[in-house]
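First the structure, in the form of structure tokens, and then the observations on it.
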Amino acid sequence: MSLSKPRASIILGSHSDLEYGEKVVERLKSLGIESRIRIASAHRAPDFLREVIREEEETGSEVFVCIAGFSAHLPGVVASLTMKPVIGLPLDRGVMGLDSLFSMVQMPPGVPVAVVGINNTENAAILCARILSVKHPEVLDKLESFRDEMVRSVVEKDSRVREDG
Ligand code: RP5
């Protein structure tokens with residue numbers, strides 16, 4: 001068991017992204033991970049973003065989840081300013097989310113961002129948990145229970161459909 005608590009930071013490009021950030025926080029909480037939301041646009045407040053990253057690192061945060069829409073350079077800029085793993089969650093705010101997906105995913109070699117699907121708050125949180133589980137066995141236990149529950153649910157649906165058919 002690691003001495004530090006598993007902790008992540010959620011950075012939003014705008015207050016208007018808040019509902020997505022809250023979903024990520026909720027899922028992380030269910031997996032025993034502390035997190036907090038910050039708002040710091042890469043385009044509108046770049047110097048402030050730099051401060052936010054430093055402050056979040058000082059809290060012991062080990063992963064950054066960056067959520068943004070439109071020309072979503074937030075996770076790429078964060079990845080350039082920290083050595084922690086960065087997850088990008090693109091939002092469907094413009095051209096069906098493809099604008100933000102492409103802005104996040106095509107990073108220059110050397111500065112990776114792990115990008116999940118458009119609006120996929122669930123996978124952003126679970127990927128974050130998987131990264132933290134390498135160091136925190138209590139998170140791994142929770143992820144295993146979560147996976148077992150998914151299996152149970154599929155098997156149950158299969159047997160229900162067989163019985164009905
Ligand atoms: C992006 O532009 C934000 O991440 C948000 O998704 C979008 C719109 O921002 P607001 O104009 O609502 O602040 O930078």
Side-chain angles (χ1 to χ4, degrees), residues 4-136 139-140 142-143 146-147 150:
S4 62
K5 285 196 173 156
R7 189 175 173 88
S9 297
I10 319 302
I11 306 187
L12 310 180
S14 166
H15 185 266
S16 63
D17 303 326
L18 189 59
E19 66 177 292
Y20 299 93
E22 286 174 342
K23 283 186 184 153
V24 174
V25 168
E26 206 176 299
R27 167 53 80 199
L28 288 176
K29 199 169 168 200
S30 79
L31 295 167
I33 297 162
E34 284 179 6
S35 64
R36 72 173 175 185
I37 294 176
R38 305 292 307 266
I39 298 169
S41 165
H43 298 124
R44 291 168 173 159
D47 292 337
F48 179 61
L49 174 61
R50 199 183 279 268
E51 260 176 60
V52 164
I53 294 167
R54 191 181 40 78
E55 285 171 10
E56 289 305 298
E57 286 185 334
E58 279 171 10
T59 68
S61 186
E62 296 169 294
V63 182
F64 285 89
V65 178
C66 299
I67 305 176
F70 295 151
S71 293
H73 300 123
L74 180 65
V77 172
V78 172
S80 76
L81 295 169
T82 181
M83 289 305 289
K84 308 286 183 211
V86 176
I87 296 169
L89 169 54
L91 297 182
D92 177 6
R93 305 292 304 266
V95 196
M96 294 180 302
L98 294 176
D99 42 2
S100 40
L101 173 67
F102 290 148
S103 305
M104 288 186 182
V105 83
Q106 290 293 1
M107 286 296 292
V111 192
V113 170
V115 182
V116 297
I118 298 163
N119 292 350
N120 200 330
T121 52
E122 183 77 351
N123 275 358
I126 291 166
L127 178 57
C128 178
R130 285 188 177 202
I131 293 168
L132 289 165
S133 74
V134 172
K135 180 171 162 198
H136 300 278
V139 176
L140 183 59
K142 290 231 159 68
L143 281 171
F146 172 76
R147 184 196 48 197
M150 276 195 300

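Bear in mind the structure is a predicted one, so any value in this text is a computation, not a measurement. Whatever order the structure lists ligands and atoms in, that order sets their numbers, starting from 1. The first residue of the sequence shown is numbered 1, and numbering continues consecutively from there.
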Protein N/O near ligand 1 N/O, under 3.5 Å, which pairs?
residue	atom	partner	partner atom	Å
ligand 1	4 (O)	Asp17	OD2	2.6
ligand 1	4 (O)	Gly69	N	3.1
ligand 1	6 (O)	Asp17	OD1	2.6
ligand 1	6 (O)	Asp17	OD2	3.4
ligand 1	6 (O)	Gly69	N	3.1
ligand 1	6 (O)	Arg93	NH1	3.1
ligand 1	11 (O)	Arg44	NH2	3.0
ligand 1	12 (O)	Ser16	OG	2.6
ligand 1	13 (O)	Ser14	OG	2.6
ligand 1	13 (O)	Arg44	NH1	2.7

Which heavy-atom pair separates Tyr20 from Thr121 by the least distance, and what is that distance? O-CG2, 3.5 Å
Closest non-hydrogen atom pair between Gly88 and Pro90, with its separation: O-CD, 3.6 Å
Please name the pair of heavy atoms, one in Cys66 and one in Val78, separated by the smallest distance, quoted to 0.1 Å. SG-CG2, 3.7 Å
Are Ser16 and Ser14 close enough, and set up right, to give a side chain to side chain donor-acceptor pair (under 3.5 Å), and what steps lead you there? CA-CA 5 Å; Ser16 63; Ser14 166; 2.9 Å; yes
With distance as the sole criterion, is a donor-acceptor pair present between the side chains of Arg130 and Ser133 under 3.5 Å? no
Begin with the C-alpha distance, continue with both residues' side-chain angles, and end with the deciding distance and a verdict on side chain to side chain contact (heavy atoms under 4.5 Å, CB included) for Ile37 and Val24. CA-CA 10 Å; Ile37 294 176; Val24 174; over 6 Å; no
